[in-house]
*Asks:* 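Let me begin by handing over the structure; questions about it come next.
Any value given below was found using the heavy atoms of this structure, including those in side chains, with hydrogens, waters and symmetry copies removed. Reminder, nothing fancy here: chain letters follow the sequence lines and each chain counts from 1.
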Protein chains: 2
Amino acid sequence: MHDVAAMAGVSIKTVSNVINGYPYIRPETKERVEAAIAELGYQVNISARNLRQGRTGMIGLAVPELSLPYFAELADSVIRAAEQHGLIVLIEQTNASRERELEVLSGQRRHLTDGLIFSPLALGTEDRAHFAVDFPLVLLGERIFGGPADHVTMSNVDAARAATQHLIATGRRRIALIGAHEGETVGSAALRQRGYEQALTDAGLPVDPALIGEAGLWHRSTGADAMARMLDTGTEIDAVFGLNDALAIGALHVLHDRGVVVPDEVAVIGFDDIEDAAYASPPLSSVAPGREQIAATAVDLLLARVAGTAPAEHVEVITDFEVVTRESTVGASVRAGAPARPVVA
Amino acid sequence: MHDVAAMAGVSIKTVSNVINGYPYIRPETKERVEAAIAELGYQVNISARNLRQGRTGMIGLAVPELSLPYFAELADSVIRAAEQHGLIVLIEQTNASRERELEVLSGQRRHLTDGLIFSPLALGTEDRAHFAVDFPLVLLGERIFGGPADHVTMSNVDAARAATQHLIATGRRRIALIGAHEGETVGSAALRQRGYEQALTDAGLPVDPALIGEAGLWHRSTGADAMARMLDTGTEIDAVFGLNDALAIGALHVLHDRGVVVPDEVAVIGFDDIEDAAYASPPLSSVAPGREQIAATAVDLLLARVAGTAPAEHVEVITDFEVVTRESTVGASVRAGAPARPVVA
DNA sequence: TTGTATGCGTTATCAG
DNA sequence: CTGATAACGCATACAA
């Protein structure tokens, strides 16, 4: 910067003014400075600027892991949304470990970012207090802990109910649930299960514990395991509701392996509508949570919090969802009478 | 830091010494300082440290997009590898756009990171000069441009040849290739196609242009399109080699849709061995490129470059690969005689 | 419209 | 072993 000032024959302050677009500056001066900048290939030292301004232009995004397609796609969307505001995203993987999630909140890296978008998975009710942090924080997912922070989510209960209703509407009666978390009451698993049970009850169907498959982590492998266990016990089913698409794809895998025809014998629906879903064999019906909308909203909310323009109380945003029907629930043989296009819930 | 020093009754420099693990420091002093740090909840200001040290503790990772599973999994691995060294990863998405890839190299964000791991896709031979940058850079993928930078890659040619040989070994003769880039000579597409052609020629089989399916972007959708086009022209095939798994999964999707039985009528193999592959229906054979090894090597190489301990000439690392056989090529009916476990190439 | 001087929070130098 | 003090590169209050 000194060199640039010297070359342009101005003071360092003027260089700063030019860089930051200060308006009251003589065109010819500006031109000279810009020429010098180009000539010297000068670039602002962001560390110095950060130190001086106290802001970093970076936001954190903490997710379980990028190898889970849903979070990869979410990260993609968040990065794009942040880019719109000239922000850089710094991704942290928690591996859904309680310890790592607490670390994220304790904010070792807090000084690196202006705020954090956090999708917690492992933290439970007992960790409620940890969410009351003194930096801008937006939570993704249901307002889990009576929320001492802003949060953005779709209604898990409503969406799960809609998915289950879709199965019921296509004639299914013995609907297995894959991905339950026994004993949990506030997480996505519990909420989605609640929606499932509501749909059954509303339709006058019983809630059969034999149809509830546990799966701690929502991976393809755990979905496959849960499906296999259920089939092994001889439980009779005509549909599967995977609490996310990875679970559903795992289930699909096992069904294929056992020679069960989808959807003729068993219909399958997932949740998240990751890109995989559309290309599964058969294509997987799912619930689309409006990923882009979630990402954009979260970034906006976080920025408002950073800028101090957000309301004092914590904000809660509920985003839209959509039940997307594909061959896994509405196969050729069943398709007659069913809508050919995605159904908006 | 001042406050901590005051509370502990020492100078600010001593606090710094304690934080940075300077050895020659009286235990009781250290203890006092640590108590003060805990008491005040003090955390170092990373921006200030960066400014002072000229290093940021962050490295950049530029990939096309995270919604492509291969790059999501790669990012996952790179983040883990970087973590081992106490580094933070900053992900940038190029969308495989030439413009964005050049931007990444022009280094607007250079001062934010100590170095860059870059997986280019759009840049071609004519951009060769842009890779000669004055900051630590490690390229992922084949040494594309006579490499004015370090790079880490597996041998695309060898791996593609091995994949094709596997198809030939299981009795396939009309092997379609999906994902070709017409006219390209240096990118992954060209190299993998070369391996495919070598395998055919070695086996005395003809290289039939009708079997080459173009697909610019390697997405599921483009793979599906290419497969559909080829089937529409009535080209006779008994196997498909997707130049990556997304393409192969797209192809699988179309085959399923047309009622073609995999692998009985047509065998399918992909490339990358993303997690999806194992859970496709049927499970997809693929080439595993040793993702973890690539990530770890790239990070190590970059750090050596940052530390200045790397050799003056540019380094080229070739990583291992493995042909993983699954049901899509070795179905129940064909499996007899074929190895039951992954074959190491 | 432009220049001067100061401090952001650290770490490094060099005495003591 | 510890302390005083000078940078690091920038943005801003204040002057001119």
*Asks:* Can you tell me how far P of C/dG9 sits from CZ of A/Arg49, to the nearest Å?
*Replies:*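 About 18 Å, once rounded to whole Å.
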*Asks:* Which residues pass the salt bridge (Lys or Arg N to Asp or Glu O under 4.0 Å) test with A/Arg52, sequence neighbours left out?
*Replies:* none
*Asks:* Would you name the heavy atoms of B/Glu275 and A/Ser67 that are closest together and state the gap between them?
*Replies:* OE1-O, 4.1 Å
*Asks:* Assess whether a salt bridge exists between B/Arg98 and B/Glu101, defined as any Lys/Arg side-chain N lying under 4.0 Å from an Asp/Glu carboxylate O.
*Replies:* no
*Asks:* Can you measure B/Leu112 atom CG to D/dG9 atom C1' for me and round it to whole angstrom units?
*Replies:* 14 Å
*Asks:* Using the side-chain heavy atoms of A/Thr29, tell me which of these nucleotides is nearest: C/dT2, D/dA11, C/dG9.
*Replies:* C/dT2
*Asks:* For A/Met1, report the nucleic acid contact type (base, sugar-phosphate, nothing); a contact means any heavy atom under 4.0 Å.
*Replies:* sugar-phosphate
*Asks:* Looking at DNA chain D, which of residues 10-27 of chain B put a heavy atom within less than 4.0 Å of it?
*Replies:* B/Val10, B/Ser11, B/Lys13, B/Thr14, B/Tyr22, B/Tyr24, B/Ile25, B/Arg26
*Asks:* Report, as yes or no, whether the 6.0 Å neighbourhood of atom CD on B/Gln53 holds more than 12 heavy atoms from other residues, nucleotides or ligands.
*Replies:*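 Counting neighbours around CD of B/Gln53, more than 12 heavy atoms of other residues, nucleotides or ligands fall under 6.0 Å, so yes.
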*Asks:* From NE2 of A/His2 over to P of D/dA7, roughly how many Å is that when rounded to an integer?
*Replies:* 12 Å
*Asks:* Rounded to the Å, how far apart are A/Gln53 CD and D/dG9 P?
*Replies:*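 Nearest whole value for this atom pair: 17 Å.
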*Asks:* Distance check needed: C/dG7 C1' versus A/Asn50 CG, whole Å only.
*Replies:* 16 Å
*Asks:* Kindly say whether, by distance alone, the side chain of B/Arg52 makes a donor-acceptor pair under 3.5 Å with the base of C/dT11?
*Replies:*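 Present.
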*Asks:* Hey, are the side chains of B/Leu121 and B/Thr94 touching, using non-hydrogen atoms and a 4.5 Å cut-off?
*Replies:* no
*Asks:* Grab the two heavy atoms, one from A/Leu61 and one from A/Leu116, that are nearest each other, plus how far apart they are.
*Replies:* N-CD1, 4.1 Å
*Asks:* Salt bridge or not for A/Arg80 and B/Glu65, using N-O below 4.0 Å?
*Replies:* yes
*Asks:* Please report, rounded to the nearest Å, how far the P atom of D/dA11 is from the CG atom of A/Asn45.
*Replies:* 10 Å
*Asks:* Closest-nucleotide mapping onto DNA chain D: is B/Gly9 or A/Leu51 further toward the 5' terminus? I mean the 5' end.
*Replies:* B/Gly9
*Asks:* Could you give the CD1-to-C1' distance, from A/Ile46 to D/dC8, as a whole number of Å?
*Replies:* 16 Å
